[in-house]
Amino acid sequence: MYKSAGNIVSRTGVLYPWPKQLLSACKDAKSISQIHALMIFTGVFSNGDSNGQLIASYARIGDVTSARRVFEESPQRGVVTWNAMIIAYSRNDSPNEVQNLYRRMILEGVRPDSSTFTVTLKACSSLLDLKAGEKIRSQAIDFGYKDDIFVGSSILNLYAKCGKMDEALGIFNGMTKRDLVSWTTMITGFAQSGQPVEAVEVFRRMQIEEIKGDAVLMVGLIQACTNLGDMKLGISVHGYMIRQHLPMDVVVETSLVDMYAKKGLLNLASRVFEKMSYRNVVSWSALMSGFAQNGFAGNALELLIEMQSYGFKPDLVSLVSALLACSQIGFLKLGKSIHGYIVRRVEFDRVSGTAVIDMYSKCGSLSSARILFDRISYRDSISWNAMIASYGIHGHGKEALSLFLQMKLMSQRPDHATFASLLSALSHSGLVEEGRYWFGIMHSDFGIQPSEKHFACMVDLLARAGLVEEAHKLIGSMEDEPGIAVWVALLAGCRNHGKLELGEKVAKKVFELKPNDPGIYALVSNVFALARKWDEVALVRKVMKETGMKKVPGYSVVEVRGKLHAFLMEDKSHPQHHMIAAMLDRLEYEMRAMGYVPRTEYVLHDLDEQVKERMLCNHSERLAIAFGLLNTGPGTRLLITKNLRVCRDCHEATKFISKIVDREIVVRDIKRFHHFKDGVCSCGDYW
DNA sequence: CAGTGAACGT
């Protein structure tokens, strides 16, 4: 047997094409096995390289089992054969098999080459197996691959994925050769380790050395901008790509969509999305989650439908975003069917399991949430946290606490989020003593250093209970510079307890911190309005407009006979508008007779008192309640979902309404459930 | 010869 001009001449003198070309044309296992037979016949099979080609061919069509069979049957295995099998497992997403084969290879005394190390290191990165990775790193150095650029980048990526950016940077700085991949690994590593400033810094270094980036690098840079929330920089990166004529592929464009969407710049995000020439499921769900996370549940759900009309099957991620949207508007019916879809068509993971729990609880079915929680086999701290938070928003602080204690008993370690859920549950139930106690020992007994989030919960807990001064003092005791969340909690307390002097100061502070949330601007402007600082109110409005943030309009949703009906504030578009208005007039007449006084201090504008009163009764939750009363039989429980906090005047009014019409009215706002019955609310007027 | 770096979620 010898090779001649790209052909094989067999022992019998027959001319065959060299199997490599033949193999690369094979589209199915059958044709590959025919060539396999040919190779055995011609004796080519004993050659290590051709074993490798055969293995690679099976791997290419996704048949790892056959690839493995060829591997095991090979009479002799050179490094090419080993690499082919290792690469097959790597492509097949089987990092454990990669590691196993590598170990076996070393034991059998085969000398690995640069590819072997590169691929095996990649497997360690995806397993976050730093220990094994470091061992392979030292072996790679022993075998003389210290300055190999492929091995080098793989090592950087190993440290980056394991969150060891200090190490990665040290190695990177000491590398004799760097290429675009190693630069990219550093930038992406920093961006994904929550160090976006360092990511941008690496890019600047690159620019000084006059190295041009590519699409993959830009994705890392865009992620850094997303994490920084710095849209000036983000837009400049976007512009840079256009000017430099850098290729825009679906991944780059999707990360741009994600960046704008996360910042609430949904018009920009949609524009980039619409201009994409090619989209996939990830692009659709990036935009969808952007809408959902910024409170535009309806738009998000429209996208879920639209993507399917374009032939894209929603994946778990888009379904989780859809569940979030359902939670926001109390769309139990759709949430249930998404739950069913996940069970039948996708299969749960931990995140989606938690999202379903969250959906049931926010749509009013606390018991369904609990049943699901008890049923899921793999309970991690996230599902515990979701269930604790569920009790919290339903105002069941005691149950939340007891679940927390149960979690401890089952030796599930509480984490940061557990304490955040617990403290917020205690806060909603006014369990101040318990809050102080657990906050006090979370560091000493659980080793969890209270973060800004916990301080914010604690400030909320105190300020909500009227202990605004104590909350203020707590902020003063913080070691780190208090962030926006903490001040916002205090500000809400100031507003709810009429501490306007302090409130004004805090409002200024919050305003200076440039929040990225229209709701926070609304609160700031609200406090200024209460303090009658109309100039400041106007200024806040102006800044909001300039940042281009889409303001979330207040709306309420009520479910009547399985259909959702949404009402905006002062919504006159509804076909039953006149009946609704008449119903509200009638109710108001009776309410006033019973002693109801409109609380106009919650209207923002500098307006006449009578106009303010008018505006209050046109709040979306009132329209939804009136519509619900008109369209359901006596005694039916009403469930209303509001996307913002229910205003205090509406809260007061709903108590009266529940008494007048003798109905149970459940209102869920962005924070919690209010259960109205017989003129009282389950929250005990606890703000 | 191939092998290294990339997007969406509770």
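Below, chains carry the letters A, B, ... as their sequence lines are ordered, and counting in each starts from 1. Keep in mind it's a predicted model, so treat the numbers as computed, not measured.
Distance from the side chain of A/Leu180 is smallest for B/dG5 among the nucleotides B/dG5, B/dC8, B/dA7. Comparing atom distances between the A/Ser285 side chain and each of B/dC8, B/dT10, B/dG5 picks out B/dC8 as nearest. For A/Asp249, the side-chain atoms get nearest to B/dA6 when compared with the rest of B/dA7, B/dA6, B/dG5. Taking the side chain of A/Val282 as heavy atoms from C-beta on, and the options B/dT10, B/dC8, B/dA6, the nearest nucleotide is B/dC8. The side chain of A/Ser321 approaches B/dG9 more closely than any other nucleotide in the set B/dA6, B/dG5, B/dG9. Taking only side-chain atoms of A/Phe150, from C-beta outward, the nucleotide of B/dT4, B/dA6, B/dC8 with the closest atom is B/dT4.
Residue-to-nucleotide contacts include no donor-acceptor pair under 3.5 Å from the side chain of A/Thr185 to the base of B/dG5. Remark: the A/Asp214 side chain and the B/dG5 base include a donor-acceptor N/O pair separated by less than 3.5 Å. Checked by distance alone, A/Ser154 brings no side-chain donor or acceptor within 3.5 Å of a matching partner on the base of B/dT4. Contact annotation: side chain of A/Ser115 to base of B/dA2, donor-acceptor pair present below 3.5 Å.
The OH-C1' distance, from A/Tyr159 to B/dT4, rounds to 16 Å in whole Å. At whole-Å resolution of the value, CE in A/Met218 and C1' in B/dG5 are 13 Å apart. Atoms CD (A/Glu253) and P (B/dC8) sit 15 Å apart, rounded to a whole Å. Atom OH in A/Tyr145 sits about 16 Å away from atom P in B/dA2, given to the nearest Å.
Residue contacts for A/Lys161: at a heavy-atom cut-off of 4.0 Å it reaches the sugar-phosphate backbone alone, with no base atom in range. Residue A/Asn385 is out of contact with every strand shown, counting any heavy-atom pair closer than 4.0 Å.
Phosphate contact (OP1/OP2 of B/dG9, side-chain N/O of A/Lys262, threshold under 4.0 Å): present. Between A/Gln223 and B/dA6 there is no side-chain polar atom (N or O) within less than 4.0 angstrom of OP1 or OP2. Side-chain N/O atoms of A/Gln192 include none lying less than 4.0 angstrom from OP1 or OP2 on B/dG5. Within the structure, a side-chain polar atom (N or O) of A/Asn157 is placed less than 4.0 Å from OP1 or OP2 of B/dG5. Proximity of A/Gln293 to the phosphate of B/dT10: a side-chain N or O atom is located under 4.0 Å from OP1 or OP2.
If you check the side chains of A/Gln99 and A/Asp129, you find a donor sitting under 3.5 Å from an acceptor. The closest side-chain donor-acceptor pair between A/Tyr58 and A/Gln53, if any, does not fall under 3.5 angstrom. For the residue pair A/Tyr310/A/Arg279, the side-chain donor-acceptor check at 3.5 Å is not satisfied. For the 3.5 Å distance criterion, the side chains of A/Tyr159 and A/Arg137 qualify, holding a donor opposite an acceptor. If you check the side chains of A/Thr418 and A/Asn385, you find a donor sitting under 3.5 Å from an acceptor. Between the side chains of A/Ser154 and A/Asn157, no donor-acceptor pair of N or O atoms lies under 3.5 Å. Side chains of A/Arg205 and A/Asn173: a donor on one and an acceptor on the other come within 3.5 Å.
Looking at residues 348-359 of chain A, you'll see A/Asp349, A/Val351, A/Ser352, A/Thr354, A/Asp358 sit with a heavy atom under 4.0 Å from some atom of DNA chain B.
A salt bridge links A/Glu97 with A/Arg68: the closest approach of a Lys/Arg side-chain nitrogen to an acidic carboxylate oxygen falls below 4.0 angstrom.
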